[in-house]
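One structure is given below, encoded as structure tokens.
The basis for the numbers below is simple: all heavy atoms, side chains too, and nothing from hydrogens, waters or symmetry mates.
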Amino acid sequence: MKLLVLPPHRDVTCVPDAPEGWRVLDVARAFCQRVMAPELLERAVETREREPATPQTMRELLLLRAALVLWKRGRADAHRPLRALGAVLTALSGAPSGVHVRLDDIELEGGTTERSADVLRIIQGPALYDEDLARAAGQFPGAERVRLWLEKDLQLPAAVKLAAACPASVPLEVAGPFAATHRAVLATIPAFQRASFPEDVAPLRWRVAALDAAEPEALTWVPEGARPPADGGPWAGHVPLRALLDAEALVSSGCRTAVVGFCSVDEGGAVGSDGSRVPLEPLVAAVERLRAAGARVVAEWWVGAPGVDEAAHERTFALLGQRPVFDWVSGVRPFHWTRGRSGEDFAGLPVRFLAPPEDRDLVRTVPFEAPGTVPHARQAELLTSLAGKLLQRAPLSPGRVAWASLHPPAPVATGGERIRLDGDCALVQLPATLDGVVKPSWYAANLRTGGVLAMDARLAPLVAGAEQPVTVGELFATLPEAQRGKVEAALVGRAVLERVHA
């Protein structure tokens, strides 16, 4: 039995076809399924209820209770379980864990996965997925061979622990895109020193599956940098923006959802994440052709590209509001010049490359300078601002995961004569405030927007029970009539309530 092991943390909505002669041991997916088990969540809630009230324990309790509400609310919105998972991972991977897990990312306490020394330091402490690593390692002694598959640096802390747990009598391999790029450095890590790094390993073929699905969907998922399948079967995934111009080729190849990255859009055209410029009218026509063929175009906005200043970002936002070029703008992400990327210009603008920090031996990106680029210190604020504005138009993806791209979000209700509780909002009662002051307190937490609002204890139970549409008068019957409109407007504005048609 040869084991192909997928360590945490990666896109758990993707599952690979098992290569011939191998059995897949998807530790990442098993980890997320375990932490979402209702009995584990209930125990986590009870633990924090018994602990002394601190800002950390109350924030974690808020996220856990909100996630439980959304998980039990069901699948009216395909993104809701993913939002719940993201909240649970954030809540459970706080201190004392040194690896803080998010739906599509990890953060190392006081370090980065781009520095092997930080990885080796952080694995000395506990991590949320340790139980899952131990369960997987229990299968290693009987294996003919163990192959760790590394797609991203996010998997490195878990992979090092798994490698260390592999018996010396069992051959160990390290493969995958990240392993291929960083083979020389990874081979110096003690747990990997006895491992081989095979170069003739074929890429995995990926499918898409909801976290609780037994079987994946009947199409192939194409990760960033990979090629669509050549067999003509249905597929979805990442393609360069310029590839949309040949819509007929995409349709005939079996494309169902094309995920593209763009950096700016104006009346002249759009700039893709690879620096290619695509004329606007042919781009719009190509998207319409794909839509007519039953395919969708999901766009990711890469913010901070060379030569794209803040004014260009604002113009892009305005144009996309006037003329929706894509079927869905799923979110914003920071632009990075990835290591190994060819060329010395971006959309015709010369780019000056800087030396990365010397101690980052697993560096993924190259620092750069270019005239008119958003300063690095401003990028985070700009990303937050643009994401907030996009949220007013449509829900954003809960994370960069395949399942979210394949399934469009439910539209946010924007009008109607009745109101109800927002589907992504939970009313939660805590034994203390979020500052840690012991006092029973109510909060409204929306896992779509990330907003949290302190609620009046008399009002909260009424709002919590409004899962079916009611009139303002019915919901706020206990309030003076003069206050009802003001309270309704405030709660709709904070995405606690939503207006709907009867």
Side-chain angles (χ1 to χ4, degrees), residues 1-12 14-16 18-19 21-32 34 93 97-101 105-109 111-204 360-364:
M1 176 183 62
K2 294 187 288 187
L3 292 179
L4 178 64
V5 184
L6 279 58
H9 189 53
R10 59 175 204 85
D11 181 352
V12 295
C14 283
V15 296
W22 293 81
R23 181 166 73 85
V24 174
L25 196 59
D26 194 340
V27 191
R29 191 169 167 88
F31 153 60
C32 288
R34 178 180 63 83
S93 64
S97 173
V99 181
H100 306 315
V101 187
D105 198 5
I106 67 169
E107 299 172 5
L108 301 190
E109 185 74 36
T112 172
T113 51
E114 292 189 29
R115 188 183 293 116
S116 62
D118 288 341
V119 173
L120 293 175
R121 171 182 55 81
I122 215 73
I123 62 172
Q124 303 307 312
L128 180 59
Y129 43 64
D130 283 346
E131 177 181 333
D132 308 278
L133 302 186
R135 186 175 293 112
Q139 302 185 49
F140 290 177
E144 173 188 344
R145 181 176 299 272
V146 169
R147 175 180 291 171
L148 300 178
W149 189 265
L150 300 187
E151 304 161 51
K152 298 181 178 181
D153 60 308
L154 309 182
Q155 297 171 284
L156 194 52
V160 173
K161 286 189 174 185
L162 286 168
C166 185
S169 58
V170 177
L172 176 65
E173 297 179 353
V174 183
F178 182 78
T181 301
H182 298 278
R183 181 183 295 110
V185 174
L186 294 179
T188 67
I189 293 176
F192 292 152
Q193 285 179 351
R194 77 172 186 88
S196 63
F197 290 78
E199 300 183 18
D200 57 347
V201 178
L204 296 179
R360 296 202 174 194
D361 51 355
L362 294 170
V363 66
R364 303 186 308 272

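- In this structure, Arg183 CZ and Thr188 OG1 are separated by 13.5 Å, a value rounded to the nearest 0.5 Å.
- At least one donor-acceptor pair under 3.5 Å links the side chain of Gln155 to the backbone N or O of Pro7.
- Rounding to the nearest 0.5 angstrom, the gap separating the NE2 atom in His100 from the CG atom in Asp105 is 12.0 Å.
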Query raised in the report: Stepwise, does the side chain to side chain contact (heavy atoms under 4.5 Å, CB included) test hold for Leu204 with Leu4?
Result: CA-CA 11 Å; Leu204 296 179; Leu4 178 64; 3.8 Å; yes
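- Of all non-hydrogen atoms in Leu150 and Leu156, the two that sit nearest each other are CD1-CD1, 4.3 Å.
- In this structure, Arg29 and Val12 approach most closely via the heavy-atom pair NH1-O, 2.6 Å.
- For the pair Ala179 and Leu186, the tightest heavy-atom approach, listed with the atom from each and the gap, is CA-CD1, 3.7 Å.
- To the nearest 0.5 Å, atom CG of residue Leu3 and atom CG of residue Leu172 are 11.5 Å apart.
- A 4.5 Å side-chain heavy-atom check between Thr113 and Arg364 finds at least one atom pair inside the cut-off.
- Remark: side-chain polar atoms of Ser196 are not paired, donor with acceptor, to backbone N or O of Pro198 under 3.5 angstrom.
- The environment of NZ in Lys2 is crowded: more than 12 heavy-atom neighbours from other residues, nucleotides or ligands sit within 6.0 Å.
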Report task. For side chain to side chain contact (heavy atoms under 4.5 Å, CB included), just list the numbers for Val99 and Tyr129, CA-CA rounded to whole Å, side-chain angles, deciding distance to a tenth of an Å, and then say yes or no. Result -> CA-CA 9 Å; Val99 181; Tyr129 43 64; 3.8 Å; yes
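- For the residue pair Phe140 and Val146, the shortest heavy atom distance occurs at CD2-CG2, 3.9 Å.
- Of the possible donor and acceptor atoms, none in the side chain of Thr112 sits under 3.5 Å from a partner among the backbone N and O of Leu108.
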**Report entry** side chain to side chain contact (heavy atoms under 4.5 Å, CB included) between Glu173 and Arg145, intermediate numbers included
**Finding:** CA-CA 8 Å; Glu173 297 179 353; Arg145 181 176 299 272; 3.0 Å; yes
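- The shortest side-chain heavy-atom distance between Leu162 and Val5 falls under the 4.5 Å cut-off.
- Atom CD of Glu114 and atom CZ of Arg360 lie 5.0 Å apart (nearest 0.5 Å).
- Here CG of Leu25 is found 10.5 Å from CG of Asp132. Values are rounded to the nearest 0.5 Å.
- One finds the SG atom of Cys32 at 9.0 Å from the CZ atom of Arg10 (value rounded to the nearest 0.5 Å).
- When side chains are defined from C-beta on, Ile106 counts as touching Pro157, because their heavy atoms get closer than 4.5 Å.
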Query raised in the report: Hey, mind stepping through Glu144 and Met1 against side chain to side chain contact (heavy atoms under 4.5 Å, CB included) and telling me if it holds?
Result: CA-CA 5 Å; Glu144 173 188 344; Met1 176 183 62; 5.6 Å; no
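- The only option from Leu148, Ile122, Val119 that meets the side-chain contact (heavy atoms from CB on, under 4.5 Å) definition with Val160 turns out to be Val119.
- A salt bridge is defined here as a Lys NZ or Arg NE, NH1 or NH2 lying under 4.0 Å from an Asp or Glu carboxylate O, and Lys161 with Asp130 meets this definition.
- Ser97 has its side chain out of reach of Glu109: every pair of non-hydrogen atoms, C-beta onward, lies at least 4.5 Å apart.
- The minimum heavy-atom distance between Val15 and Asp26, with the atom names listed, is CG1-OD2, 4.3 Å.
- The ring-ring contact (aromatic ring centres under 6.0 Å, His included) analysis of residues 161-197, with sequence neighbours excluded, yields the pairs Phe178-His182.
- Among residues two or more places apart in sequence or in another chain, the side chain to side chain donor-acceptor pair (under 3.5 Å) test is passed with Arg23 by Gln139.
- Across all their heavy atoms, Arg34 and Leu128 have their closest contact at NH2-O, 3.1 Å.
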